[in-house]
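Here is how names work: the chains are called A, B, and so on, in the same order as the sequence lines, proteins then strands, and each is numbered from 1.
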2 protein chains.
Amino acid sequence: MPRAGLTRASVTEAGAALVDEVGFDQLSMGLLAERLGVKTPSLYKHVANQADLAHLIAVLAMNELADAIRDATQGRAGRDALVAGAEAMRTFVREHPGRYAAGNAAQITGQEDPLLPASGRVMASWTAMLHGYHLDLDQEIHALRMLRSTLHGFGILELDGSFQVDTSVDDSFTWVVDFIDHGLRSLPEAKARPLQSASGTDSD
Amino acid sequence: MPRAGLTRASVTEAGAALVDEVGFDQLSMGLLAERLGVKTPSLYKHVANQADLAHLIAVLAMNELADAIRDATQGRAGRDALVAGAEAMRTFVREHPGRYAAGNAAQITGQEDPLLPASGRVMASWTAMLHGYHLDLDQEIHALRMLRSTLHGFGILELDGSFQVDTSVDDSFTWVVDFIDHGLRSLPEAKARPLQSASGTDSD
DNA sequence: CCAGGTGGCTAATACGATTAGTCAGAATCT
DNA sequence: AGATTCTGACTAATCGTATTAGCCACCTGG
């Protein structure tokens, strides 16, 4: 019995790849073990249980999503940043449906949970992007929630195949992002904005 | 052994009540049987299996949601209808988180699936509401998808407790609905709209 | 009153997650 | 190198839940 050379990270990565293939709800310890060329109980040397594995996948997913959005919006502002960020998110969801689902299903369990900073990074990227619209502070939080709701909802509905009519979903996505951009630019801008403390880890 | 008097409908209703209490992912045949004062295998006289039960709950949920939106928007138009419909949906989601989750998880399995007309009714209500904004036909489908995405996303995020900052979620919801209303009223209206055939069962 | 169908029950099966206990190869230390 | 320890894999066993098989009492319609 040669060592398979597994690690917590490699098991997580393989689990993420698996859920992207078969769907998050089809995740099972047996299937993952098979993919890794190992017997099921061996996985328990690396993850505590299936819930732990799902959580690890969620953290990985959130960090990857945060990277994607950050990279896409880097160096852009206003409408450009919104479009790029939204597209990056949609692309991530379509290419990694399983890990995105894992990210949704996971709950932050405490102050130590690495999912907390991971989702904080996503939030921070959106917040930075919204800064380009120079909103009032109290409007910004609402705008952030609207943005998250819309992009998240769109992603889920698209994944589930809930957009049935043959109108192009790509066109709808572009339209929706435009709709948001126009709406944000129609809001009363904050003329003189107080310096913000740039605490980039706020949750929303 | 006196008869418990169960029917397919009463089992479905009890299942719906159960998932609203314990969460859709905690649904189990054993727990439901216990609630109904019956042994687990007895349930199989009324539903084919757990997936069947979940599907029945989904159909029930979709029809109830359709009723709620229809009733709320009845006799209103434009902004009033949007606000009323959106609030009705949000209320439904908060009062019936389990059955709403069931509705999301379910997939339409074929042309005979009663979930098809049920979700068609929801769609028809939103479409009727959007008519009040006199949009171009090609914009209306995009607007419908935007509306569904935003309300669905908001509902999910709220249920999951994903809105963490202490800013009022009620305020955010009102803001979001206002945002949509303003956006829709800013779109170029269709001046002379061709007669639509009112086929209220389109899927989206 | 009797025949059939229906809805409940108990017993048995299957399958996936998890735990216990064992052992060999890898890593470390002298 | 050789001895020791640690670690990661294995097999065997347990457990919980869904599901199926087969039985039998109750209700219904004639």
Side-chain angles (χ1 to χ4, degrees), chain A residues 1-60 98-99 101-102 104-107 109, chain B residues 1-60 98-99 101-107 109 115:
Chain A
M1 1 173 161
R3 299 257 170 136
L6 302 182
T7 66
R8 193 169 170 79
S10 70
V11 169
T12 302
E13 183 58 54
L18 179 60
V19 294
D20 282 341
E21 270 184 63
V22 305
F24 178 64
D25 46 345
Q26 293 305 307
L27 175 61
S28 83
M29 301 299 275
L31 191 50
L32 178 56
E34 190 181 325
R35 294 293 180 94
L36 290 168
V38 108
K39 301 294 179 181
T40 306
S42 305
L43 296 179
Y44 289 82
K45 293 292 180 181
H46 306 284
V47 300
N49 49 43
Q50 188 168 332
D52 182 35
L53 171 64
H55 199 87
L56 288 169
I57 295 172
V59 173
L60 175 66
R99 53 192 98 187
N104 298 143
Q107 295 291 337
T109 60
Chain B
M1 17 194 134
R3 298 260 168 130
L6 301 183
T7 66
R8 193 168 170 80
S10 69
V11 168
T12 303
E13 182 58 54
L18 178 61
V19 293
D20 282 340
E21 269 184 64
V22 305
F24 178 64
D25 47 344
Q26 293 305 308
L27 175 61
S28 83
M29 300 300 275
L31 190 51
L32 177 56
E34 190 180 325
R35 294 295 179 93
L36 289 167
V38 108
K39 301 294 179 180
T40 306
S42 304
L43 297 179
Y44 289 82
K45 294 290 180 178
H46 304 284
V47 299
N49 48 44
Q50 188 169 332
D52 182 35
L53 172 62
H55 199 87
L56 288 169
I57 295 172
V59 173
L60 175 66
R99 53 192 98 188
N104 297 143
Q107 294 291 336
T109 60
L115 188 58

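Distance B:Y44 OH to C:dT6 C1': 19 Å, rounded to the nearest Å. Here the P atom of nucleotide C:dT18 and the CG atom of A:N49 are 5 Å apart, to the nearest Å. In this structure, B:L43 atom CG and D:dA21 atom P are separated by 17 Å, rounded to whole Å. Following rounding to the nearest Å, B:L53 (CG) and D:dT19 (C1') show an atom-to-atom distance of 14 Å. As a whole-Å value, the separation of B:R8 CZ from C:dG7 P is 12 Å. Atom NZ in A:K39 sits roughly 11 Å away from atom P in D:dA12 (whole-Å rounding). Remark: C1' of C:dG8 and CD of B:E34 are 17 Å apart, rounded to the nearest angstrom. Separating the CG atom of B:L6 from the C1' atom of C:dG8 is a distance of 9 Å, rounded to the nearest angstrom.
Between C:dG7 and B:S42, no contact under 4.0 Å exists linking OP1 or OP2 to a side-chain N or O. Put simply, A:H46 has no side-chain N or O that comes within less than 4.0 Å of OP1 or OP2 on D:dT7.
Taking all atoms of both residues into account, the shortest heavy-atom contact from B:S10 to B:G5 is OG-O, 4.4 Å.
Side chain of A:D20 to main chain of A:G98: a donor-acceptor pair is present (N/O by atom type, distance under 3.5 Å, no hydrogens or angles). Formation of a donor-acceptor pair under 3.5 Å by the B:Q50 side chain with backbone atoms of B:L27 is found in this model. Panel note: side chain A:R8, backbone A:H46; a donor-acceptor pair is recorded below 3.5 Å.
Closest to the side chain of B:S28, from the set C:dT19, D:dA9, D:dA18, is D:dA18. Picking from C:dC9, D:dT19, C:dT19 the nucleotide with the shortest atom distance to the side chain of A:P41 gives C:dT19. You'll find that the side chain of B:Q50 is closest to D:dT19, out of D:dT19, C:dT18, D:dA9. The side chain of A:M29 lies closest to C:dT18, out of D:dA18, C:dT18, C:dT10.
Interface remark: the B:K45 side chain does form a donor-acceptor pair with the C:dG8 base, using a distance-only criterion of under 3.5 Å.
The pair A:R35-A:E21 meets the salt-bridge criterion, since a charged nitrogen lies less than 4.0 angstrom from a carboxylate oxygen.
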